[in-house]
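What follows is a short report on a single structure.
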Amino acid sequence: MRTLIKSGTVVTASDQYRGDVLIEDETVVLIGTAIDVQADKVIDASAKYVLPGGIDVHTHLDMPFGGTKSADDFESGTIAAAFGGTTSIVDFAIQYRGQTLHDAWETWMKKAEGKAVVDYGFHMIITDLSDQVEGEMDALVGQGVTSFKLFMAYPGVFMLDDGSIFRALLRTGKNGGTICMHAENGGVIDVLVRRALAEGQTAPKYHALTRPARAEAEATHRAIALAEMADVPIYIVHLSAAEALEMVTEARDRGLSAYAETCPQYLFLSYDNYEEPGFAGAKYVMSPPLRAKAAQDQLWRGLAFNDLQAVSTDHCPFCMKEQKELGVADFSKIPNGAPGIETRMSLVYDGGVRAGRISLNRFVELTSTSPAKIFGLFPRKGTIAPGSDADVVVFDPNRTITLSARTLHMKVDYNPYEGRHVTGAADTVLSRGRPVIENGQFVGRAGAGSFIKRAGRS
Ligand SMILES: [Zn+2]
C-alpha cells in the first residue's frame, strides 16, 4: 500500500518546506519536492500543513475514580484524539495497594486491546512501593513501560512519602526509566479541605481555594530537589501555577534535567470559571485547579522559552449528569477531571501560533516531538522522516471550528470551551499509514491501534 501526500507544507520541530511525502505501508519512505510515483492513494495537501501526528502523553481513559469511571474508554477516547490530530497517547495504568505492577499493566492492556484506534503506551502509577515492586520497575522498563507516575497528593490513596519517592528516583537512575510527578502538597490540601467542609463551604470553587498555588510550588520544588539528590531527570505533570513554573525555571537555569508539561485548560481557562453560576463550576474541577488568569501569560512564556517542554491534556472526562453531580453537596466528592483529548491541537495552534506566542515549529515540538523524545518514542514517532511511522496529520491552518459538546466526539455532556471558535484543524489523519480521519469522518477501526513499546533513557 503506497500513499502519496502531495504539495503540502511539511512542518517538523526544526523544518518547514513545500514537499511531498511518500508512505509505504506503515512507514514514511521518501520526502521530496515533486515525487513522481504510482500510489494507491493520493492526498492533496496544497495550502495545508503536513504535521507529525500529535502525541498526548497524559490521558486517563476508562479510569475508575470515586465510585465512577472516566466517560471515554479506549475506543471513544482514541477516536476523539484522532479527530483532533493526535495519533499516539500515553495513558496511565494504576497499581493499587498490594498489587504487582505486572497485574496493573495487564489490566490496562486489556482495557485498550481491541478498542484503541491509534497507538498507545502506558505510564505506570505506583501507589505502593515495596521492595518487590521496586524490583519490578526494571522489568517494566524492559517491556516498554518506561515511565512511572508518583503522587505527592491524595494521602491514603495515591500519595507516596518522600523516602519512597527517593527510592523510585534512584531506581530509575539504574534502569533508565523516568519519574513523572503529580506535585501538590497533599497533607496541606487535606487539612484545608476538611476545614472548608467543616465551615460549610461546599461549592465547586472551594476545590480551587483549598489547593493553593504554593502547595503546587512547594511540591514541585521538593520533587526536583529529590531528583537532584538522586541525580536523575524528573518530569512534572500538569503544571498549572506560575509559582511552580518558577521552581522548574530555577532548576533548569542551574542545569538540572527538570522537565514539565502544562495543559490547554491552564492556558485558556482560569479561576474565574469556578465562579460560574450554580453548580457549573464543577465542569472545571480538576487537580491542580485552574489558576489566576495572570498565570496564563507566564505559562505561555514558559512554553516559548523551553521551561515547559510539552502540552498534554490530562483528558479525564466526567459527565455533569450523574458523575460531577456526585459532589453537588460536597466539592470534595466531585470527580476530578475534564475532557480535552480532541481539542488540544486546535487550541494550541490558535492560541499559540496564530496569536504569535509560539512559532509553528515550536507548536510541533510541544505537541509531538518533545514528548516523543522525553518518553522514548522518537524518532519512530514525533517527526516526519524516512523510517518514521506514518503518523501524519494534514492540518488546515485556515479552517475555523466551533468547540461544542454537541459536535465533538468525546463522550461527555459538556465542553469546557463551549462556543469558542478556533482556527486550525486536522483534516486527514493517518496512523501508521492507515487513514483514521478523512473529510471529517472516522474511517479507522477499533483495535487497529497497537501498544507502543517505549525506549528507556540510554
Ligand atoms: Zn492526570
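Read the numbers this way: they start at 1 and go in the same order the structure lists the ligands and their atoms.
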With no hydrogens and no angle check, just 3.5 Å: does a side-chain donor-acceptor pair link Thr249 and Arg252? no
Kindly say whether the aromatic ring centers of Tyr154 and His182 come within a distance under 6.0 Å. yes
Are side-chain N/O atoms of Glu342 and His409 paired as donor and acceptor at under 3.5 Å? yes
Sphere of radius 2.8 Å around the Zn ion (ligand 1) - protein N, O or S atoms inside: His58 NE2, His60 NE2, Asp314 OD1
Fit a plane to each ring of Phe395 and Phe363, take the angle between them on a 0 to 90° scale, and name the class: parallel (under 30°), tilted (30 to 60°) or perpendicular (over 60°). tilted
Any chance the rings of Phe375 and His123 have centres within less than 6.0 Å? yes
Do the side-chain N and O atoms of Ser346 and Asp350 include a donor-acceptor pair separated by under 3.5 angstrom? no
